[in-house]
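Right, one structure below, let's go through it.
Reminder, nothing fancy here: chain letters follow the sequence lines and each chain counts from 1.
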Protein chains: 2
Amino acid sequence: MVSQRPGPNLSRIATSLGVSVATVSNALSGKGRVSEALIEKIRSHAAELGYVPSQAGRALRTGRSGVLGLVLPDIANPLFPKIAQAIEFAASAAGYGVLIADSRGDISAQTEAINRLVERGVDGMVIVPRRATRISAASCPVAVIDTASTPGNTVAADHWQGGREIAAHLAGLGHKQILIIGNNHESNVQNDRAGGIRAGLQPGMRSETLWVERLENETGAGCRLGLAEKARQGFTAFAALSDLQALRALTELQQEGISVPADVSVTGFDDLIWSPVVTPSLTTVRMDMDTIAEIAVSALVDRINENGTREGVMVTAETERVPMQLIIRQSSGPAKPAQKTSEMENL
Amino acid sequence: MVSQRPGPNLSRIATSLGVSVATVSNALSGKGRVSEALIEKIRSHAAELGYVPSQAGRALRTGRSGVLGLVLPDIANPLFPKIAQAIEFAASAAGYGVLIADSRGDISAQTEAINRLVERGVDGMVIVPRRATRISAASCPVAVIDTASTPGNTVAADHWQGGREIAAHLAGLGHKQILIIGNNHESNVQNDRAGGIRAGLQPGMRSETLWVERLENETGAGCRLGLAEKARQGFTAFAALSDLQALRALTELQQEGISVPADVSVTGFDDLIWSPVVTPSLTTVRMDMDTIAEIAVSALVDRINENGTREGVMVTAETERVPMQLIIRQSSGPAKPAQKTSEMENL
DNA sequence: TATGGATGCTTAAACGATTAAGCGCGACCC
DNA sequence: GGGTCGCGCTTAATCGTTTAAGCATCCATA
């Protein structure tokens with residue numbers, strides 16, 4: 001009843017060439033001692049037969065599945081494609097497959113997702129944690145991608161520095177009053193970004209922070225942010241902590257007849273797919289996901305290859321923060337001279 | 001040198017209880033003949049020890065890995081999160097894991113990605129093909145999600161019907177001249193959507209199609225679409241074939257001082273994450289990804305469970321097209337009476 | 001009282017790979 | 001010339017699970 005695997009296996013190659021399975025295995029893996037001539041013969045014959053090693057057999061023997069898990073808080077997050085793509089690429093290059101698991105927002109589902117991956121025998125996993133959750137002990141090496149201020153973080157973009165880049169850019173354009181727009185004040189990432197912006201303000205500049213989530217809890221989802229009013233109050237720059245909020249700000253301002261970047265500037269974070277496409281295209285800060293993924297995966301792979309089991313499962317990397325890159329596009333421009341000096345006196 | 005798996009295995013449970021491994025296996029799987037009392041004893045002891053069956057051992061014996069592959073043309077496509085989430089959910093519910101593979105846009109990479117999955121021993125895969133590519137024979141069951149007009153398609157949203165919904169909606173609002181905006185005229189999906197729109201036009205309505213890709217090839221990426229000009233020509237509705245193009249259209253029109261929906265209407269496709277968030281929120285058509293994923297996965301699982309190997313690898317499902325749902329938001333409204341009658345004479 | 005079958009368990013053989021250990025054999029060294 | 005070593009291969013054990021087959025035991029039926 002067992003469905004036969006279609007392809008040939010080691011023993012078929014072995015009997016077909018009149019050698020032992022062990023020799024074939026050694027020849028293909030290049031590990032044992034086999035003569036050059038035989039290696040060549042075995043390899044070509046294996047290729048001819050289209051031999052594909054059985055991961056199951058290998059996994060059973062070696063105790064390694066060759067698969068990494070990727071746990072995401074919510075795949076619907078638009079940042080996900082880049083992360084997944086980068087992780088998949090890095091893992092693939094390192095010879096690993098990637099098993100995905102979505103924790104669908106809630107924390108118990110995150111634990112469940114981790115368990116599912118462990119049951120599937122992943123050799124390690126990359127976790128992008130939900131808000132400030134603590135990773136309950138998984139029985140395999142774990143790399144965490146969140147932000148440097150998260151305890152146990154392995155590697156992440158330097159969100160704080162990204163915030164400073166934004167602040168410096170806006171300062172250079174002459175903006176004095178900056179409205180920071182975030183959607184989740186519990187997110188470590190967003191707090192770091194906002195902190196970076198505030199830390200980068202020059203003397204004579206001030207900022208205020210608008211948490212959209214709070215606004216929505218009070219007045220319902222999809223509500224107006226009231227940015228036109230803010231502009232009238234003297235804010236000339238709207239620094240969103242994610243491109244989604246930036247897009248929201250941009251379209252709301254446009255709808256209200258406020259011109260971007262002539263009247264006010266709008267900036268975002270993450271350089272999501274639509275950022276270059278909207279009009280005006282969005283000035284934002286990009287994470288170097290490829291580098292982050294590569295560091296996370298190679299830290300994970302290094303730990304997996306140390307056969308001596310360390311005490312902790314959390315993996316650490318040498319480089320903990322990867323710089324973010326400012327992408328200047330059309331949505332940011334020189335600050336319009338303040339008209340309402342009464343508001344400026346608030347400084 | 002072989003790293004020991006941490007948890008207990010069948011034989012540890014067996015010796016610990018003084019029974020044979022086979023009995024333990026039978027008790028846990030409920031397959032053979034074991035007395036009720038012993039089953040209970042074994043199960044509780046296994047749970048106590050935190051026994052987790054080894055997928056590797058099971059896979060080797062049964063020839064099934066319990067893993068499905070998901071091949072995507074380009075994870076960076078913003079539609080991906082929904083597909084991945086839905087597939088992961090459906091697969092998870094059916095007891096399968098999901099291994100992802102990105103073909104990164106190009107066709108040879110798609111073949112490579114498929115091979116990688118086959119090498120990892122997936123039991124089947126879901127493929128969202130790149131444009132009009134033919135799937136080169138994979139040696140496992142394959143479900144294709146594209147559009148009903150693609151040969152070999154397993155299940156997909158009814159893009160044609162979605163187009164008709166849009167057309168009917170715009171017709172009901174009194175629009176006469178509709179500009180269809182697509183980005184890729186080789187995409188089966190986009191062609192079906194455009195075809196559906198055209199087929200749904202009422203007498204007295206006309207449409208024109210603008211392929212952004214062509215425009216970009218001529219004038220460079222990120223170029224203006226010239227929609228304001230089109231609006232002046234008498235087009236009152238802009239029906240984009242994806243929300244990304246809709247967003248592009250919406251922001252360009254707003255930037256040019258054209259009000260949406262007061263002056264013109266904009267519609268999209270797919271109900272992507274930003275659609276409800278932009279101002280005005282986007283009228284669009286949503287695919288029922290959960291249903292599509294469930295159909296695809298269950299067709300795949302059914303085929304996997306038929307141990308008799310059928311000749312073809314392409315899986316078919318009973319329901320081939322899943323209706324799309326019109327989501328009416330703020331970006332579409334009544335057509336403004338035509339001012340340039342000269343243009344209207346073109347009818 | 002035999003006989004047949006159901007019951008509850010064990011034995012053992014796979015699945016396909018890896019890898020330590022062993023075994024001739026020729027070369028080399030002192 | 002005897003001991004040692006390296007080479008090139010084989011033998012055999014092992015990973016953890018599933019499952020067909022076998023073997024007592026006991027109950028029911030003739």
Side-chain angles (χ1 to χ4, degrees), chain A residues 1-43 46 49-67 95 118-121 123 305 307, chain B residues 1-43 46 49-66 118-121 123 305 307:
Chain A
M1 196 56 68
V2 172
S3 58
Q4 289 287 10
R5 258 181 31 108
N9 51 19
L10 281 191
S11 96
R12 200 163 325 180
I13 298 177
T15 56
S16 152
L17 284 175
V19 295
S20 75
V21 250
T23 304
V24 178
S25 173
N26 283 330
L28 294 177
S29 67
K31 280 193 177 168
R33 295 176 306 205
V34 189
S35 66
E36 278 302 323
L38 190 51
I39 285 184
E40 199 42 55
K41 201 162 113 190
I42 289 174
R43 291 216 172 135
L49 261 58
Y51 169 71
V52 177
S54 149
Q55 286 294 327
R58 180 174 289 169
L60 180 57
R61 178 61 227 250
T62 61
R64 304 266 178 78
S65 62
V67 171
V118 170
E119 282 171 25
R120 297 235 165 263
D123 293 338
N305 289 336
N307 36 20
Chain B
M1 192 57 69
V2 171
S3 59
Q4 289 287 11
R5 258 176 36 102
N9 51 19
L10 281 190
S11 97
R12 200 163 325 178
I13 297 178
T15 56
S16 152
L17 284 175
V19 295
S20 75
V21 247
T23 303
V24 178
S25 173
N26 283 330
L28 294 177
S29 66
K31 279 193 176 170
R33 295 178 304 206
V34 189
S35 65
E36 279 301 324
L38 189 50
I39 286 184
E40 200 41 54
K41 201 162 114 190
I42 290 174
R43 291 213 173 138
L49 260 58
Y51 168 72
V52 176
S54 149
Q55 286 294 327
R58 179 174 289 172
L60 181 57
R61 177 61 227 245
T62 61
R64 304 267 178 76
S65 61
V118 170
E119 281 172 26
R120 298 234 166 263
D123 293 338
N305 289 337
N307 37 18

If you round to the nearest 0.5 Å, how far is [atom2] of [Y] from [atom1] of [X]?
{"X": "A:Ile42", "Y": "A:Ile13", "atom1": "CD1", "atom2": "CD1", "value": "8.5 Å"}
{"X": "A:Gln55", "Y": "B:Arg120", "atom1": "CD", "atom2": "CZ", "value": "5.0 Å"}
{"X": "A:Ser54", "Y": "A:Arg61", "atom1": "OG", "atom2": "CZ", "value": "14.0 Å"}

State which residues pass side-chain hydrogen bond (donor to acceptor under 3.5 Å, both in side chains) with [X]; sequence neighbours excluded, sorted by chain then number.
{"X": "A:Ser29", "result": "none"}
{"X": "A:Asp123", "result": "A:Ser65"}
{"X": "B:Ser20", "result": "B:Thr23"}

Find the distance [X]:[atom1] to [N]:[atom2] and express it as a whole number of Å.
{"X": "A:Leu60", "N": "D:dG16", "atom1": "CG", "atom2": "C1'", "result": "5 Å"}
{"X": "A:Lys41", "N": "D:dG8", "atom1": "NZ", "atom2": "P", "result": "15 Å"}
{"X": "A:Ile39", "N": "D:dC7", "atom1": "CD1", "atom2": "C1'", "result": "13 Å"}
{"X": "A:Tyr51", "N": "C:dT18", "atom1": "OH", "atom2": "C1'", "result": "10 Å"}
{"X": "A:Lys31", "N": "C:dT19", "atom1": "NZ", "atom2": "P", "result": "4 Å"}
{"X": "B:Ile13", "N": "D:dG16", "atom1": "CD1", "atom2": "P", "result": "12 Å"}
{"X": "B:Leu10", "N": "C:dC15", "atom1": "CG", "atom2": "C1'", "result": "15 Å"}
{"X": "B:Arg58", "N": "D:dC15", "atom1": "CZ", "atom2": "P", "result": "18 Å"}

Check: B:Arg12 and B:Val24 side chains under 4.5 Å, non-hydrogen atoms: no
Check: B:Tyr51 and B:Leu28 side chains under 4.5 Å, non-hydrogen atoms: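 Touching, per the 4.5 Å side-chain cut-off.
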Residue A:Ser35, side-chain atoms from C-beta onward, closest of D:dC9, D:dG16, D:dT17: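 Of the options given, the side chain of A:Ser35 lies nearest D:dC9.
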Nucleotide nearest B:Val34 (side chain, heavy atoms from C-beta), chosen from D:dT19, D:dC15, C:dC9: C:dC9
Below 4.0 Å: OP1/OP2 of C:dT18 and any side-chain N or O of A:Ser25: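 For C:dT18, OP1/OP2 do have a side-chain N/O of A:Ser25 under 4.0 Å.
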What are the atom names and distances for every N/O pair under 3.5 Å that joins the protein to nucleotides 22-24 of chain D?
none

Identify the pairs formed between an N or O of the protein and an N or O of nucleotides 10-12 of chain D at a distance under 3.5 Å, and give each distance.
from	atom 1	to	atom 2	distance (Å)
D:dT10	OP1	A:Ser20	N	3.3
D:dT10	OP2	A:Ser20	N	2.9
D:dT10	OP2	A:Ser20	OG	2.8
D:dT10	OP2	A:Thr23	OG1	2.5

Shortest non-hydrogen contact between B:Gly32 and B:Asn26, atoms and distance: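 In this case the closest contact between B:Gly32 and B:Asn26 is N-OD1, 3.5 Å.
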Nearest heavy atoms of A:Leu10 and A:Ser25, plus distance in Å: CD1-CB, 3.7 Å
Main-chain N/O of A:Arg58 paired to A:Thr62 side chain as donor or acceptor, under 3.5 Å: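 Indeed, once roles are kept as given, a pair shorter than 3.5 Å links the two residues.
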Axis deviation across the helix from C:dT1-D:dA30 to C:dC30-D:dG1, five-pair ends, to the nearest 10°: 50°
